[in-house]
Amino acid sequence: MHSYNPAAIEKKWQTYWLQHQTFKTPTDRSKPKYYVLDMFPYPSGSGLHVGHPEGYTATDIIARYKRMMGFNVLHPMGWDAFGLPAEQYAVKTGTHPSITTEHNIKRFREQLQAIGFSYDWDREINTTDPNYFKWTQWIFLKLYEMGLAYEDEVAVNWCPELGTVLANEEVIDGKSEIGGYPVVRRPMRQWILKITAYAERLLQDLDDLDWPESLKDMQRNWIGKSVGAEIDFKIQEYDSEQIRVFTTRPDTLFGVTYMVLAPEHHLVDKITSEQQRSAVHEYVKNAATKSDLDRQELSKEKTGVWTGAFAIHPVTNKQISIWIADYVLVSYGTGAIMAVPAQDERDWEFAEAFDLPIVRTVQPEEGFTGKAYTGDGLAINSEFLNGMGVDEAKNTMIQWLEDNRVGSKAINYKLRDWLFSRQRYWGEPFPILHTDKGVIPLSEDQLPLELPVVDRYQPTGDGEPPLANATQWVYTIDPATGKPAKRETNTMPQWAGSCWYYLRYISPDWEGGPVDPDYESYWMPVDLYVGGAEHAVLHLLYARFWHKVLFDLGVVSTKEPFQKLVNQGMILGEVEYTAAKKNGEWIPVDYADEATDRIRLSDEDVEKKGDHFVIKGTSIRIEARAHKMSKSRGNVINPDQIIEKFGADSLRLYEMFMGPLEQVKPWSTKGVDGVNRFLHRAWRLLVNEEDGKLKSTICEIEPTKEQLKVLHAAIKKVSQDIETMRFNTAISALMIFVNEANTWSQIPKAVCQNFVQILSPFAPHISEELWMKLGHHESLAYQEWPAFDEQHLTDDEIMYPVQINGKVRAELFVPAGLSMDKQYVIENAKALEKIQGYLEGGRLVKEIFVPMRIVNLVIAPQ
RNA sequence: GGGGAUGUGGUGGAACUGGUAGACACGCUUGGCUUAGAACCAAGUGCCGCAAGGCGUGGGGGUUCGACUCCCUCCAUCCCUACCA
């Protein structure tokens, strides 16, 4: 028997591709280029899951299609291999992270190769390879030289369990993103990157990118630009000090009834009165030891303390009490606010809690019953602003502030500078020496600075990073002066390596810089970048930042790295039916609480009733839902098992057939069955299962009109759908072709060849095998993509649905030559027997004719 | 609280710029092949109805000859984010 056997042919072609270097990136530059990039994975110990191949299959289809379209394609893969899991494993077992990492990479590489991705493995990169991180360190040195990297003592998110500092983004609800351990605030010396210096460009340049609008919005939101004014308030009895506030509502200045400083504000100590000192001190101390989680939980109720001091209103010269409260953040704006309770909800709450005055300065719209009014309206109680709308009042007030030198127009960003150091071992060491003369960067020829061998990976007892244990490495001499120096013991965060990896693929062995400028100008920008939405802000923002810095340095020639970006949707586990049982009785799942047992049911025990699923034969509602795959839920699908059972081509096909790439969708192993059957049918269409040779029905004959139509319809649909990344409907077009072709008694060989070509990006192994059976001796990877010819798609006869009042009542067939003739079509439509009946029952008032689409006759009752 | 996305058969999903709703696939039903099963092949399958026919794209309203598609409004689910002055 020679039936379709993926296990045999897939291994064979994977070996063939590797041995023949089929997917080696061309170095000539005579053709148009296409750079298609995947987000490289962290090689975790648990191996690939089915989420990875989703985006990877999509880009692989594009890469294979573009090669056949005559493009030079760069389609690389690598490893984001620094990271916490390998280090935690090292802490537990003493195994060096590089060993774990190497082992995991090997597994990942094998898994990816088993799916038949057309990566150029000669360009594989690894962020932990000294030849790679040499240039990560080099870029850091450039950032340092440009004044974009600085050290500061900052309150950081310290996670005692992990023994490390986390970035704001790695802290979720006051707990660490990894592990869910508590996080507290603690001041520490840290390296910081001045991403805020690029805030405006990062914001502006989003406009020209071919990215999903929702994702651009997320970045805009994250950067969070707001326009307003900075205003200086004098402090009573302290002539030398002023409090500067940032506000987006300078028009409400007359409504200021108090001021608030963040507890960490530098003036707090100075201006606090003797009577208030102990209360203020207590409050500040509390705020400092509170973790973010505590602050959030307690935030439902506004807290604060009066400092005992007063500020002077810059216009009215009235005195205003100065408070401290933790609802004001030291890290945003100036760390101080002017409170306008009448027009700000947070200020209103605070004013209510502490019985502070409230003065409306914007007339709320009629019928307004709320508290703070943040809408538009005319200014009141505001002297020279009275009667103006919000916008006009803002401008007028800013002008007044500038004329009187007490304030000015100002712009603020939510975006903070990027906390760039971690108290970890398994990361890039900073190429930095600390000496008694301060910080000295290493010179380029001293790179890469490699990690020392250590025997323990834990932080030191006093919270110093693990590298502090490597005293021989830490205590060194400054080669320039010969004087003692101390190495930086922090390492870079995982983001560092992924900030520029797309450049290294272009010239992975280039020694003159991060990227060979000659090839950089050819391959950049990345034409298509596909990855998960979870990187929407962090990775993509950081990489854009570094790219812009490299652009300013002249290292790269484009101002943005990723021209087009697509987020694949998450793949959920199989749909689960869950019923609830309380005290041994089934209860509707809506009433379930903690005391309820949740019982998983199989799909045979449930049925749909109205909007809901119920236990079969009852009306007891159950929950029908697909959940995120997770180890703890036990619903993780392993691609290896799918490949073993159905083959890699079926896995690829199913990943794409599930639905639109961007959408969240549940896995269904039954669905894999469906695409697997399709491949079997395709195989049997061409192959005689007795002898494994080409079927005798495949002959060198001229295709019929019908066959050309079916073929070209498929070519057209598949081509267009690949271009627009609608792979699910492309596969359905391939299925339709096979279903049709199965009814033909003879199939022209040329038609078969074209079919195999358009199948090949999706299911490359079976396609190569069929291509060979069709008599070819080389891979079809570079065969020219078939062009479709519109003329084959025309019919002799056109069918018009005929509607009466918008409802289809009959079908009319007209010769193609007369299909655009309105009069002819309408006359014949009216002549249809079924239509006659309707015409007699009413009065024809309107005739709608849409060429090639529809006829609609509008009839009014007699 | 803010931002984003989604809602179509029993299920995943199709439907181009408003023009036959449900392509393709899963599941299911019936029949064939088979000792039997699997696989395969054939036919059927939105709902109600014996039928004629009617009803149908989360609910309600609107625009239009015609609405899954456009507008208003409400509801549900998911994701991101959160005291950002």
Side-chain angles (χ1 to χ4, degrees), chain A residues 3 169 172-173 212-215 217-218 220-222 224-226 228 245-249 252 260 295-296 299-300 302 325-329 331-340 343-347 349-350 412-416 533-534 536-537 569-570 572 575 603 606-608 611 613 624-626 628 653-654 657-660 662-675 677-678 680-681 684 717 720 724 726 728-736 739 742 799-811 845-848 850 852-859:
Chain A
S3 51
E169 308 86 64
I172 292 164
D173 295 336
E213 209 45 49
S214 60
L215 194 139
D217 275 344
M218 280 165 117
R220 288 188 188 111
N221 235 301
W222 194 266
K225 180 179 184 174
S226 45
V245 301
F246 173 74
T247 177
T248 55
R249 295 294 302 274
T252 63
V260 185
R295 269 201 186 189
Q296 268 172 13
S299 73
K300 281 164 195 132
K302 291 271 184 291
D326 64 5
Y327 84 93
V328 172
L329 307 175
S331 50
Y332 183 77
T334 60
I337 61 153
M338 58 179 222
V340 188
Q343 274 87 230
D344 184 290
E345 280 158 22
R346 296 152 300 180
D347 296 346
E349 278 177 36
F350 190 84
N412 235 299
Y413 300 92
K414 269 204 280 190
L415 183 71
R416 310 289 158 76
E534 65 273 22
V537 272
M570 203 188 340
L572 306 175
V575 173
D603 53 355
V606 303
E607 64 183 341
K608 192 153 188 188
D611 288 349
F613 276 89
R625 202 157 87 80
K628 201 168 159 171
L653 229 34
Y654 179 65
F657 189 62
M658 288 169 91
E662 305 85 348
Q663 234 165 67
V664 178
K665 39 206 176 283
W667 180 270
S668 154
T669 300
K670 282 259 174 61
V672 189
D673 243 325
V675 292
R677 270 178 226 169
F678 158 69
H680 272 104
R681 277 206 307 278
R684 285 197 306 269
K717 182 82 179 136
Q720 290 178 346
T724 51
R726 288 155 18 149
N728 54 330
T729 49
I731 292 166
S732 123
L734 291 165
M735 288 172 167
I736 291 169
N739 291 348
N742 258 321
M799 193 277 284
Y800 274 96
V802 182
Q803 297 183 326
I804 299 293
N805 293 342
K807 292 210 161 158
V808 178
R809 299 298 180 180
E811 291 181 346
V845 291
K846 201 167 182 181
E847 297 166 348
I848 312 278
V850 184
M852 307 304 283
R853 290 252 184 248
I854 212 155
V855 173
N856 188 10
L857 303 174
V858 184
I859 293 174

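Letters A, B, ... are given to chains in the order of the sequence lines, protein chains preceding strands, and every chain is numbered from 1.
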Chemist: Quick one: label A:I736 by what it contacts on the DNA or RNA (base, sugar-phosphate, nothing), any heavy atom closer than 4.0 Å.
Modeler: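 Here A:I736 touches the backbone only, sparing every base.
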Chemist: Of the nucleotides B:rA25, B:rU81, B:rG54, which has the atom closest to the A:R809 side chain?
Modeler: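 It is B:rG54.
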Chemist: Can you identify which nucleotide, out of B:rA85, B:rC65, B:rG19, has its nearest atom closest to the A:K846 side chain?
Modeler: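 When the side chain of A:K846 is considered, B:rC65 is the closest of B:rA85, B:rC65, B:rG19.
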Chemist: Between B:rC80, B:rG4, B:rU20, which nucleotide has the shortest distance from any of its atoms to the side chain of A:V808?
Modeler: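 In terms of side-chain proximity for A:V808, the closest of B:rC80, B:rG4, B:rU20 is B:rU20.
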Chemist: Using side chain to side chain donor-acceptor pair (under 3.5 Å) as the criterion, list what pairs up with A:D217, not counting sequence neighbours.
Modeler: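 Here the qualifying residues are A:R220.
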Chemist: How is A:Q803 classified with respect to the nucleic acid when contacts are heavy atoms under 4.0 Å: base, sugar-phosphate, or nothing?
Modeler: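 If one applies the 4.0 Å heavy-atom cut-off, A:Q803 turns out to touch a base.
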Chemist: By the 4.0 Å heavy-atom rule, please label A:K414 as base, sugar-phosphate, or nothing.
Modeler: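 Base contact.
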Chemist: For A:S226, which contact category applies under a 4.0 Å heavy-atom criterion: base, sugar-phosphate, or nothing?
Modeler: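 Result for A:S226 = sugar-phosphate.
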Chemist: If you look at every strand shown and take non-hydrogen atoms under 4.0 Å, does A:M799 touch a base, only sugar-phosphate, or nothing?
Modeler: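 Counting heavy atoms under 4.0 Å across all strands, the contact made by A:M799 includes a base.
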Chemist: Do the side chain of A:R681 and the base of B:rC40 come within less than 3.5 angstrom through a donor-acceptor pair of N or O atoms?
Modeler: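 Flag unset: no donor-acceptor pair detected.
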Chemist: For A:D673, answer base if it contacts any base atom (sugar-phosphate contacts may also be present), sugar-phosphate if it contacts only those atoms, and nothing otherwise; contact means non-hydrogen atoms under 4.0 Å.
Modeler: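 No contact.
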Chemist: If the C1' atom of B:rU29 is compared with that of B:rG10, how far apart are they to the nearest Å?
Modeler: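 After rounding to an integer number of Å, I get 13 Å for this pair.
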Chemist: How is A:N221 classified with respect to the nucleic acid when contacts are heavy atoms under 4.0 Å: base, sugar-phosphate, or nothing?
Modeler: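 Here A:N221 touches the backbone only, sparing every base.
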Chemist: Between B:rC71 and B:rG53, how far apart are the two P atoms, rounded to whole Å?
Modeler: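 It works out to 36 Å between them.
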Chemist: If the glycosidic angle is within 90 degrees of 0 it's syn, otherwise anti, so just tell me which one B:rG9 is.
Modeler: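 Syn.
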Chemist: Stem list for RNA chain B, please, built from Watson-Crick and G-U wobble pairs under 3.5 Å and keeping only runs of at least 3.
Modeler: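 The stems that RNA chain B takes part in, listed by first number, are B:1-7 with B:75-81, B:10-12 with B:24-26, B:27-32 with B:40-45, B:46-48 with B:53-55, B:58-62 with B:70-74.
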Chemist: May I ask you to decide if A:S668's main-chain N or O and A:K670's side chain share a donor-acceptor pair within less than 3.5 Å?
Modeler: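 Not at all, since once roles are kept as given, no pair shorter than 3.5 Å links the two residues.
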Chemist: Which listed nucleotide (B:rG13, B:rC40, B:rA85) is nearest to the side chain of A:Y332?
Modeler: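 The answer is B:rA85.
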Chemist: Remember a base hit wins even if backbone is also touched, and classify A:S668 as base, sugar-phosphate or nothing at under 4.0 Å, heavy atoms.
Modeler: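 No contact.
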Chemist: Nearest to the A:I337 side chain among B:rA85, B:rC83, B:rU81, which nucleotide is it?
Modeler: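 Among the listed nucleotides, the one closest to the side chain of A:I337 is B:rA85.
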